[in-house]
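Step one of this worksheet: look at the structure below.
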Amino acid sequence: MVTLGARDVPGLRRFYRALGWAELPGSDDGRVGFLLAGVLLVLRPAAGADGAAGGAMLTCTVTGPRQVDSACVAAVAAGATVLAEPADHPEGGRSACVADPEGNRWEIAWAPLARWRTEGGQAPPAAPAAPAAPAAPASDEPHRASAELLHHHGASDEVVAAHLVAAGGDGPGWAVETLLCAARTARREGRPEQAVDFLRRALAEPLPPARRGGVLTELGSLEVTLGPADRALGVRHLAESVRLEQSDVSVFKAANALGTALAARGQTSVALEVMEELAERFTGHPELAWAVQVAAALIASHDGHSWLETVDRLRRLAATTTARPAPAVRVLLAEFDSTSGRLSAAEAAAVAREVTAEPLDPFSRTYVLASAATLAQWADELALADRLVAEGLTGHRGPLVDPGYQSLLSVHAESLVMRGRYRELLEACHGWGVLIGPPARPAPSGVGNAHLVAQAVIALTEAGRAAEARRLADSVAVDGSHGSWEWNEFLYARGLLSLAEGDPAGALDDLSECGRGQSARQVTSPVVTPWRSAAADCQLLLGRPAAAVALATEELAAARRWGTPRCVGRALRALGTATGGRAGPATVEQAGALLRTAGTDPELIAALAAHGRLLVAAGHRTAARGALREAARHAERIGAGRWCAVVAALLAAAGARRATASQTGAHALTGSERRICALAAQGHSNPEIAALLHLALRTVETHLTNSFRKLGVRRRTELAGRLAAEPAVPDR
């Protein structure tokens, strides 16, 4: 919006009308608006007769309160001066005011008129913005006229929908489709609050029950990923959708999302009641009935007792039916048997291949693929797990809070961590909404999933970014996830973080609690959370080697029943470290040989580092340097910053000369690389950087390639955040 403070509003109004510009309805000589494509020109009286306090004000409207702050930061980074810091207003809304290098004023503003209106109230007075900012038009008619005009001139759905939301009330016949398309675009591009506004506005239109149910499901599924107030409203919207007369498939999707949302709030018993009622409705539809049972099982996993009862019920159903149990039931029971030590890795992988080779019904397809991918990943069949996850994610058509969809995200995240692909995992976490950072606020497809947070904590810890890992871990509330498998995974991750921070006592508390939670769920296999190995490391650091050996021995027995090199090698590493003496190095060396065949670098690095440490303690410094240098190469290659530091210290203790190999992190950047990265972070292109620094273009490209590798980033937009998170060490 461009606002001009005019000495003679009627005269200036006549001038622009004479140009043929479209004047908005409701304009008068006190205030007049002209719509110019996507720009609103507003004329208002200047403050004084001479117009000195009038002039021009440029206003940039944004889609949410957070965007006010991020846009202000971006403007300052580009060279703007802050005239008014971002601030909330008593009447609602948030704004800031900046000046460009020549003093032109820009207001950055957000006003939640749409949200209040869709909740049934009247729009409040416009929020006062930065000094001298104009008030919003009091009439809704300009927004209705603008929506009509923009729609017929081919403006984007989001631009038109924003005017429909602000206008409120019933809209033209095309309004529903425009609002729904705009909501999907906003959700896809990481603006969930705006998508919610569009969907709430769509509910104000006359809709048949089936269509209304679909909008309610989409809206509720988004709302439960936002704040507490929106989450409660989302549950109500999902419940309303279940009650509406619509197809069985639509009711199944709505009830599934509702059950998941209730379980995430700690209301697992209520969620299971919803699924039981749904099962009764589908008694004549076997495929849907089985899908409901499996969905209920995944929802029940939020509570250990409910989970065991559900598994027992599925076993009884499978035993009493004359037909072979559905693939979803077979694979889910195989998951339970794998974690409880009843199956080996080879048997679990066979089940995964068997069920995914059969035709899958559309209702349980996501669940089957998620569970089969989980089995394949546990069995170290990572290529198969990747393929199943990709099929599941691309083919999913239900709500994002669907438990099967969330399980697919969890499998993908854990698979990346297993292979030490920390950079890729953290980049994905930004997209899932687990990590908030530049360049934009992500779509919250993974919000509320404690397992994804756990994997992000591990990745940050291993990447050498412990401070960020701690901030993320401390931001997690127990909420309704306590007692779920995700919460146990989070306890394990937080325990690893505390161990890396040098707090073995605190780490042992979390790891022991994880173990108690897993035992209550009959989880004995180390394929899920190998808490015993990590707890053994803690006990050893606390001066209790006997307890360490006992834990490692127990884990090794369970790992051998499962039978993968990764699990057995990890347990051997823990046992050899705890044993020490003459037997310890040989046991850890055996672990390293086994882990070289597993293709999971993090476990191999840990074994090589442990071997080197034991050899140094035994006085075999030359042999230690060989193992440690191999560990250093692997750690450098995958960007495991924590291990890079640990191994460097061990190499120094082994008498190795200071390494001159490339390092990672901002501290490893040369002066030229830092200057080039700073300019790239400000938005300069490679040719512009070359001209500014009087360098050849090829030199700039080479420096940026090296810098991206050292910083662990893939895009220029990540540079600013990475450099800010890890300030460089000044040149000596």
Side-chain angles (χ1 to χ4, degrees), residues 338-339 341 344-345 378-380 418 458 462 492 495-496 498-500 504-505 507-508 510-512 514-516 518-519 523-620 623-624 626-628 630-631 634 642-643 646-647 650:
S338 296
T339 60
S344 67
W378 288 346
D380 287 357
M418 282 170 54
I458 293 174
E462 297 305 303
Y492 173 71
L496 295 184
S498 296
L499 186 58
L508 186 59
D510 272 342
L511 294 168
S512 299
C514 170
R516 285 189 288 271
Q518 295 292 56
S519 296
V523 176
T524 59
S525 174
V527 298
V528 185
T529 47
W531 65 273
R532 296 180 189 86
S533 291
D537 294 336
C538 295
Q539 295 283 21
L540 192 61
L541 290 171
L542 293 169
R544 299 192 282 261
V549 169
L551 285 165
T553 301
E554 184 180 351
E555 177 142 314
L556 181 58
R560 282 178 168 153
R561 285 196 297 272
W562 180 247
T564 59
R566 178 171 58 92
C567 285
V568 175
R570 178 175 52 221
L572 281 171
R573 191 276 310 159
L575 180 59
T577 302
T579 303
R582 293 183 177 181
T587 303
V588 176
E589 185 176 19
Q590 180 186 356
L594 197 58
L595 288 165
R596 286 188 182 91
T597 69
T600 51
D601 288 324
E603 302 293 355
L604 175 59
I605 294 168
L608 291 168
H611 192 207
R613 182 183 286 109
L614 289 173
L615 289 172
V616 169
H620 305 301
L628 292 171
E630 183 183 354
H634 288 297
R642 181 178 78 86
W643 281 114
V646 169
V647 173
L650 290 172

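- Gly592 and Leu604 make their closest contact through O-CD1, 3.6 Å (heavy atoms, listed as atom of the first residue, atom of the second, distance).
- Side-chain contact between Pro504 and Asp537 is absent, with no heavy atoms from C-beta onward closer than 4.5 Å.
- The shortest side-chain heavy-atom distance between Leu650 and Val616 does not fall under the 4.5 Å cut-off.
- Distance check, rounded to the nearest 0.5 Å: SG of Cys567 to CG of Leu595 gives 10.0 Å.
- Going from atom CG of Leu551 over to atom CG of Leu556 covers 12.5 Å, rounded to the nearest 0.5 Å.
- Shown here for Gly580 and Pro585, the closest heavy-atom pair between the two residues is O-CD, 4.4 Å.
- The heavy-atom pair separating Thr600 from Met418 by the smallest distance is CB-O, 3.4 Å.
- None of Leu608, Ile605, Asp601 except one satisfies the side chain to side chain contact (heavy atoms under 4.5 Å, CB included) rule with Trp643; the exception is Ile605.
- Pairing each heavy atom of Val588 with each of Ala607, the nearest pair is CG1-O, 3.3 Å.
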With side-chain contact (heavy atoms from CB on, under 4.5 Å) as the criterion, how do Leu508 and Leu542 come out once you've worked through the C-alpha distance, each side chain's angles and the decisive distance to 0.1 Å? CA-CA 10 Å; Leu508 186 59; Leu542 293 169; 4.0 Å; yes
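- The side-chain heavy atoms of His611 and Glu630, taken from C-beta on, include no pair separated by under 4.5 Å.
- Taking CZ of Arg596 as the start and NE2 of His634 as the end, the distance is 7.0 Å to the nearest 0.5 Å.
- The side-chain heavy atoms of Asp510 and Tyr492, taken from C-beta on, include no pair separated by under 4.5 Å.
- Atoms OG and CZ, on Ser338 and Arg561 in that order, are 12.5 Å from each other to the nearest 0.5 Å.
- Look at Arg570 and Glu603 and you find a salt bridge, because one of the NZ, NE, NH1 or NH2 atoms lies within 4.0 Å of a carboxylate O, short of that distance.
- Residues Val568 and Gln590 form no side-chain contact, since every pair of their non-hydrogen atoms from C-beta on lies 4.5 Å or further apart.
- Of all heavy-atom pairs spanning Pro565 and Asp380, the tightest one is CD-OD2, 4.3 Å.
- Checking side-chain atoms of Trp562 against main-chain N and O of Trp378 turns up a donor-acceptor pair under 3.5 Å.
- Residues Cys538 and Leu499 approach most closely at SG-CD1, 3.8 Å, considering heavy atoms.
- Between Glu555 and Pro530 there is a side-chain heavy-atom pair separated by less than 4.5 Å.
- Thr597 places a side-chain N or O within donor-acceptor distance of the main-chain N or O of Leu594, the cut-off being under 3.5 Å.
- The side-chain heavy atoms of Val646 and Arg613, taken from C-beta on, include a pair separated by under 4.5 Å.
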